[in-house]
Amino acid sequence: MKALIQDLVSQALAQLVADGVLDAVAAEPVIERTRDPDHGDFATNAALVNSKAAGMKPRELADKLVLALPTSEAVAGVEIAGPGFINFRLAAGASHALIPRILAAGEGFGRSDLGAGKRVQVEFVSANPTGPLHVGHGRGAAYGAVVADLLAAVGFDVHREYYVNDAGRQMDILGTSVWLRYLELAGEELVFPSNGYKGDYVWDIAATLHRHNGDAFRYPAAEVYAGVPADAPAGGDKEEHIDALIERAKQLLGAERYRTVFDLGLDTILDDIRDDLSLFGVDYQEWYSERSLTESGAVQRAIDKLKASGHIYEKQGALWFKSTDFGDEKDRVVVRDNGQTTYFASDIAYHMEKLERGFDRVIDVWGADHHGYVPRVKAALQAMGGDHAKLDVLLVQFAILYRGGEKAQMSTRSGEFVTLRELRKEVGKDAARFFYVMRKCEQHLDFDLDLAKSQSSDNPVYYVQYAHARVCSVLRQAQEKGFSTEISDGTTNLEHLAEDHEKALLTALAKYPEVVQSAALNEEPHQLTHYLRELANDLHTYYNAHQFLVADDALRDARLKLILATRQVLANGLALIGVSAPEAM
RNA sequence: GCCCCUGUAGCUCAGUAGGAUAGAGCAGCCGCCUCCUAAGCGGCAGGUCGUGCGUUCGAAUCGCGCCAGGGGCACCA
């Protein structure tokens with residue numbers, strides 16, 4: 001409908017240009033839905049933005065524009081208001097036609113092919129597999145998933161990917177932590193490193209290792225700690241301590257057994273993360289291994305490419321990428337003086353490879369704490385001659401949990417929950433998904449646990465779900481009262497929808513495709529949650545003001561059609577944000 | 001010190017590619033069930049849009065400065 005108005009205005013402007021009133025269209029007009037129903041249904045600022053170029057007052061130009069406007073059956077009235085806005089009032093029949101369209105399209109209503117099948121990759125979560133997903137990862141998961149689903153809904157070919165950091169020091173620390181716990185289970189007495197992973201899950205993995213291998217990986221603690229410098233509590237350095245222990249693990253176990261321990265930790269945790277996300281309604285097309293980048297030679301190829309373009313230099317035994325050539329604040333190491341490539345080197349290779357895979361657009365969803373990382377990744381793409389404009393990094397700010405009006409502690413020590421799994425257990429998947437995307441991503445999120453759990457109208461999730469359930473309930477009632485739940489075809493009987501509440505609901509339904517589009521193109525899922533709340537409100541208000549199951553067959557039929565269409569849109573919107581649409585509550 | 005995000009009603013937030021009287025939800029007060037789930041609805045009250053200049057016919061929205069809060073500035077990942 002918006003497109004129709006847009007078209008009419010464009011035609012009118014073109015007509016004025018043809019008539020010589022305007023030299024050219026100076027600025028594209030904005031067509032928007034009015035906030036105040038007194039202003040009609042749509043408004044455009046076409047006269048305001050072009051008045052200067054036309055050399056006349058906005059209202060004067062508006063007069064000419066209105067005269068040049070082609071007539072349309074859908075438009076019942078046009079008027080000039082305020083400083084020169086042109087307001088459009090739609091014909092009642094035009095909005096009625098929406099209902100059969102919604103009912104016919106079903107789950108497809110609101111979807112479009114705007115993206116024209118362009119390939120978009122969305123990489124999100126990508127947390128290190130060194131432990132279960134934290135509550136902080138939940139927001140990235142929910143946000144990334146909805147952005148991906150929204151883009152898919154408007155016709156992009158979306159590829160969801162999780163980058164698995166299965167190499168590097170953090171993973172070595174995990175492997176070593178598992179092994180040390182295993183030694184303790186086998187009966188060795190040792191002081192666990194302060195920098196090791198201390199979660200219970202490490203004990204679980206160690207127990208599995210022990211069950212499968214008995215004492216085959218066991219060495220006396222004294223031998224393991226031989227030559228290892230003191231830990232921080234003993235006056236040493238915790239980094240040197242853990243690094244030395246990693247070295248001892250590799251020496252004593254040898255490559256093969258070390259890999260067994262390492263992979264057991266990795267696989268166990270990755271399985272847990274996969275399962276966790278899946279239960280959270282988040283699924284991926286691909287889990288991309290960082291290790292594979294080294295094994296395939298992609299990392300070396302990326303470094304060579306940077307070298308060939310002249311942006312690599314050597315200093316103090318290390319290889320540096322001159323990212324300052326592309327606006328970064330300092331140069332970055334890609335190969336350390338010990339010959340090992342850095343995490344950044346892998347990331348350069350990964351992003352190079354993303355573009356090579358032919359995506360039209362690449363979206364990374366990162367925690368806001370990584371923002372300083374953006375310039376160097378873009379710099380690398382630029383240096384390699386890739387199109388860095390194809391990469392979009394969306395930064396998600398922190399979520400803070402509140403319980404009983406107090407900040408909930410999120411540390412393991414306090415005994416409060418820390419994992420996404422536990423959050424899901426406490427508030428449920430639906431509330432968690434909804435709350436995580438309720439705010440735009442650059443907004444710090446206050447996550448009120450009590451509110452998320454409350455079964456009242458204060459809770460937006462229940463409020464929206466209840467609207468859906470309410471329509472289902474009316475249908476059940478209809479059956480009990482002996483009314484037919486078969487509804488008529490097309491726009492039959494819809495002329496009976498003349499109440500203000502009905503018009504408001506129709507307007508809200510018509511907005512849905514526009515909201516989906518806007519939410520998708522701006523990567524703003526919160527637009528959808530806000531819309532759903534408004535739509536639910538319109539339905540509840542209507543419900544309170546009018547009886548649906550009336551004796552008059554035609555009127556009842558019309559009202560049932562309207563609420564069925566509303567139910568469909570509520571279900572479609574909820575599905576997009578990964579929340580269920582219950583039939584009863 | 002430099003960089004990113006935020007500052008709108010008592011609280012949590014919409015609104016920011018400039019536009020008509022700045023909107024919701026909570027909390028507060030007042031109402032609405034012999035009637036399809038009151039897990040609901042209506043009404044009242046509540047704001048110098050952090051602050052100071054500037055650009056403009058027009059600024060919560062754009063520019064500059066300042067103030068406050070959060071986060072980030074590794075040969076870690």
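First the proteins, then the strands, lettered A, B, ... as listed; each starts at 1.
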- Task: Check step by step if side-chain hydrogen bond (donor to acceptor under 3.5 Å, both in side chains) holds for A:Y350 and A:E161.
- Result: CA-CA 12 Å; A:Y350 182 41; A:E161 189 158 306; 2.7 Å; yes
Under 4.0 Å, counting only non-hydrogen atoms across every strand here, what does [X] touch: a base, just sugar-phosphate, or nothing?
X	result
A:A469	base
A:N537	sugar-phosphate
A:T541	sugar-phosphate
A:A478	nothing
A:D446	sugar-phosphate
A:N87	base
A:A43	base
A:H501	nothing
A:H540	sugar-phosphate
A:H526	sugar-phosphate

- Verify side-chain hydrogen bond (donor to acceptor under 3.5 Å, both in side chains) between A:Y258 and A:D172, making sure each step is shown before the conclusion. CA-CA 10 Å; A:Y258 181 80; A:D172 279 324; 2.5 Å; yes
- Message: How about NZ on A:K64, more than 12 heavy atoms from neighbouring residues, nucleotides or ligands closer than 6.0 Å, or not?
- Response: no
Return yes if a side-chain donor-acceptor contact under 3.5 Å exists between [X] and [Y], otherwise no.
X	Y	answer
A:E524	A:Y143	no
A:D328	A:T324	no
A:Y512	A:Q517	no

Among [options], the one nearest [X] by side-chain distance:
X	options	value
A:Y543	B:rA39, B:rC36, B:rA77	B:rC36
A:F85	B:rG70, B:rA20, B:rA77	B:rA20
A:H530	B:rG72, B:rG70, B:rC13	B:rC13
A:E329	B:rU37, B:rC73, B:rA38	B:rC73
A:E442	B:rG72, B:rU6, B:rU16	B:rU6
A:Q547	B:rC36, B:rA77, B:rC75	B:rC36
A:R476	B:rC41, B:rU37, B:rC73	B:rU37
A:Y373	B:rU12, B:rC75, B:rA77	B:rA77
A:N45	B:rG15, B:rG19, B:rG69	B:rG19
A:Q170	B:rA14, B:rC35, B:rC76	B:rC76

Between [N] and [M], how many Å separate the two [atom1] atoms, rounded to a whole number?
N	M	atom1	result
B:rG63	B:rA20	C1'	25 Å
B:rC44	B:rC49	C1'	23 Å
B:rA39	B:rA45	C1'	26 Å
B:rU8	B:rG23	C1'	10 Å
B:rA14	B:rC62	P	15 Å
B:rC64	B:rA27	C1'	39 Å
B:rA74	B:rA24	C1'	45 Å

In whole Å, what is the span from the [atom1] atom of [X] to the [atom2] atom of [N]?
X	N	atom1	atom2	answer
A:D448	B:rA27	CG	C1'	13 Å
A:Y143	B:rC5	OH	P	14 Å
A:W366	B:rC4	CH2	P	16 Å
A:Q443	B:rU8	CD	C1'	11 Å

Ignoring hydrogens and angles, answer whether the base of [N] and the side-chain atoms of [X] contain a donor-acceptor pair closer than 3.5 Å.
X	N	value
A:H370	B:rG72	no
A:H371	B:rC3	yes
A:K440	B:rU16	yes

For [N], which nucleotide in any strand shown is its Watson-Crick or wobble partner with both distances under 3.5 Å?
N	answer
B:rA60	none
B:rC73	B:rG1
B:rG42	B:rC30
B:rG65	B:rU51
B:rC11	B:rG25

Hey, does the side chain of [X] come within less than 4.0 Å of [N]'s phosphate (OP1/OP2), counting only N and O?
X	N	value
A:Y197	B:rA77	no
A:T342	B:rC75	no
A:R332	B:rA74	no
A:Q340	B:rC75	no
A:R59	B:rC57	no

- Item | Matching residue for A:Y436 among A:L423, A:I577, A:T529 - test: side-chain contact (heavy atoms from CB on, under 4.5 Å) | A:L423
- Message: For A:T341 and A:F548, find the nucleotide of RNA chain B closest to each by heavy atoms; which residue's nucleotide sits nearer the 5' end?
- Response: A:F548
- Nearest-nucleotide wise, let me know which of A:N128 and A:L445 is further upstream toward the 5' end of RNA chain B. A:L445
- Taking all non-hydrogen atoms of both residues into account, name the closest pair between A:P129 and A:L270 and its distance. CB-CD1, 3.9 Å
- Would B:rC44 be called syn or anti, given that syn covers angles within 90° of 0? anti
- Classify the ring geometry between A:Y542 and A:F548 as parallel (under 30°), tilted (30 to 60°) or perpendicular (over 60°). tilted
